[in-house]
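Here is the naming used below: chain letters follow the sequence lines, and residue numbers restart at 1 for every chain. Treat the numbers as computed from the prediction; the structure is a model and nothing was measured.
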There are 2 protein chains.
Amino acid sequence: MNVSAALAPRAPHRAPAPQVSREPEGVRLIGMTTHVARDQEVFGEGEPADHVYKVVRGAVRGFRVLSDGRRQICDFYLPGDIFGIERGADHTITAEALTGAILVVARRSNLSHDGSSTMARSLWDLAMIELGRSHDHALTLGRRSAGERVARFLVDMADRIGDGEGVELPMSRQDIADYLGLTIETVSRTLTQLQVSGLIRLTGCRSIHLRNPRALAELCA
Amino acid sequence: MNVSAALAPRAPHRAPAPQVSREPEGVRLIGMTTHVARDQEVFGEGEPADHVYKVVRGAVRGFRVLSDGRRQICDFYLPGDIFGIERGADHTITAEALTGAILVVARRSNLSHDGSSTMARSLWDLAMIELGRSHDHALTLGRRSAGERVARFLVDMADRIGDGEGVELPMSRQDIADYLGLTIETVSRTLTQLQVSGLIRLTGCRSIHLRNPRALAELCA
DNA sequence: CGGCACCTTGAGTATCCTCAAGAGAGGTGG
DNA sequence: CCACCTCTCTTGAGGATACTCAAGGTGCCG
């Protein structure tokens, strides 16, 4: 199911009242709030990019599938993040909810970059934030060991959705592997190794306590 | 030497007449034309991002150096490309000329994104082009073999600066290695292997003839 | 309590890296 | 014009890292 498609046919009188999302330091997005189930597609590669989305709760993965079936996850979108902005008319990646997620959906036309100055600036910031994240991702993937990649990932996640002590990962090992360009086994082994080294503690499969954030950050080089 | 620094102190009457670059389908950049020697720095990481640059001739590498000395090249800028646009006040990467290069230098303030609508749109396109390239780069670096990486690199370069038959690479093996997250030896071996397979022909160290572009493209997956 | 999906661990192997030396190309000076 | 120097690229041998294949464990949900 596609959220855009689901929203479009709705008659105006049936649509929920438009809302303004009030996430901290984010761009306000005027649109409908919708719920997406785990593993449900938000939009697919090649589909018209008519809407943009903001994560209110949950998490989303953006990825491409290569011809041989390998999946490269470009980014994870977490609460407060906006995604779905494209240069051309169509989406170049597929987006799926990692967990049940609540999204605000806005028409792309409502965000025209030659509209108000503040909106243009916000959009610009968004694009540059995404560009920065993409650069960092490339930096993570270039000639780095598995340990460095996983450490970077954990530090990044802790920054974005951590509580200062640790972080509750919304994604599976396979998702992490596809993001970091590793295999699921290597991710698992590396996490175990980080635990043995005393840098982290796995309080659950997806619940990670950072015992030594400084050392972890130094691993990131 | 830093180009920005070199330009700033010049008295107006000594400055060359501002020119408008007329590259195909690019953004017009109003500014001075300058020459940068091989391996000379255009700007450094952490320096104020007061100017943006357009490549008229030659090529530029944008990179970061990790704490242990490894260098990750984020992108190569080729004729027609604009670089140096940043989100914040400072540059997050260093830019150096690969070869002797001719650049158009424009003040960042002349490109304000809340200026004219057409300029805003052009800037937006630029940012989105760079974002697309960055995504592709991440896709190149994620769990791919050396062969796939090098093939992608060659196809990309042939698209951007090739003459339909082949491509004259402006960068060294070390630059390619730092871009693809490989070692210089692996790049060299992989190129040799592609030649043995009949996909390419090395007519010179940096002069590559694509004998079988279709097969090469299929390698990219 | 059972089933299923996810995660972990192990053994063996392939790929790529490291270290080392040799070959080409380009530039300079005699 | 040639010899020489330097820088870059290529090639080789050995070793480390991460992958593949396989089995066993853990936790969650019905």
**Study point:** Whole-Å distance separating the CG atom of A:Leu180 from the C1' atom of D:dC19
**Key:** 15 Å
Check your understanding: Is the backbone of A:Leu202 close enough, under 3.5 Å, to the side chain of A:Gln195 for a donor and an acceptor to pair up by distance?
Key -> yes
Exercise for review: Quickly work out the B:Arg144 CZ to C:dT15 P distance and round it to whole Å.
Suggested key: 16 Å
**Study point:** Aromatic ring pairing A:Phe76/A:Tyr179, orientation class (parallel under 30°, perpendicular over 60°, tilted between)
**Key:** tilted
Exercise for review: Output the single nucleotide from D:dC19, D:dT11, C:dC6 whose closest atom is nearest the side chain of A:Thr186.
Suggested key: D:dC19
**Study point:** Side chain of A:Ala146 - closest among C:dT8, D:dA18, D:dC9
**Key:** D:dA18
Review point. Counting any heavy atom closer than 4.0 Å, what does A:Arg38 reach on the DNA or RNA strands: base, sugar-phosphate only, or nothing?
Key: sugar-phosphate
Point to revise | Lys/Arg-Asp/Glu bridge criterion (N-O < 4.0 Å) met for B:Arg71, B:Asp175 | key: yes
Point to revise | Euclidean distance, atom CD of residue A:Gln195 to atom P of C:dC7 [Å, nearest integer] | key: 15 Å
Exercise for review: Tell me which of B:Ser145 and A:Ile184 sits closer to the 5' end of DNA chain C, going by the nucleotide each one is nearest to.
Suggested key: A:Ile184
**Study point:** Value in whole Å for how far the C1' atom of C:dA25 lies from CG of B:Leu169
**Key:** 16 Å
Review point. So, is B:Ser188 close to the D:dT11 phosphate, meaning a side-chain N or O under 4.0 Å from OP1 or OP2?
Key: no
Check your understanding: So, A:Arg87 side chain and B:Leu131 main chain: donor-acceptor pair closer than 3.5 Å or not?
Key -> no
Study note, to complete from the structure: Rounded to whole Å, CG of A:Asp68 lies from C1' of D:dC19 at a distance of 14 Å
Review point. Any chance the side chains of A:Thr94 and A:Glu45 put a donor and an acceptor closer than 3.5 Å?
Key: no
Point to revise | First of B:Leu182 and A:Arg206 reached from the 5' end of DNA chain C, by closest nucleotide | key: A:Arg206
Check your understanding: D:dG12 P sits how many Å from B:Arg189 CZ, rounded?
Key -> 9 Å
Exercise for review: Scan B:Leu191 against the nucleic acid and name what it touches under 4.0 Å (heavy atoms): base, sugar-phosphate only, or nothing.
Suggested key: nothing
Study note, to complete from the structure: Between A:Gly181 and A:Cys205, whichever has its closest DNA chain D nucleotide further toward 5' is A:Gly181
Check your understanding: Contact class for B:Ser172 (heavy atom, under 4.0 Å): base, sugar-phosphate, or nothing?
Key -> sugar-phosphate
Revision key, fill the gap. When rounded to whole Å, the CD to P distance for the pair B:Gln193 and C:dA14 reads 15 Å
**Study point:** Rounded distance in Å - CD (B:Glu185) to P (C:dA23)
**Key:** 17 Å
Check your understanding: Where each residue is assigned the nucleotide of DNA chain D containing its nearest heavy atom, which of B:Arg173 and B:Arg143 is assigned the position nearer the 5′ end?
Key -> B:Arg173
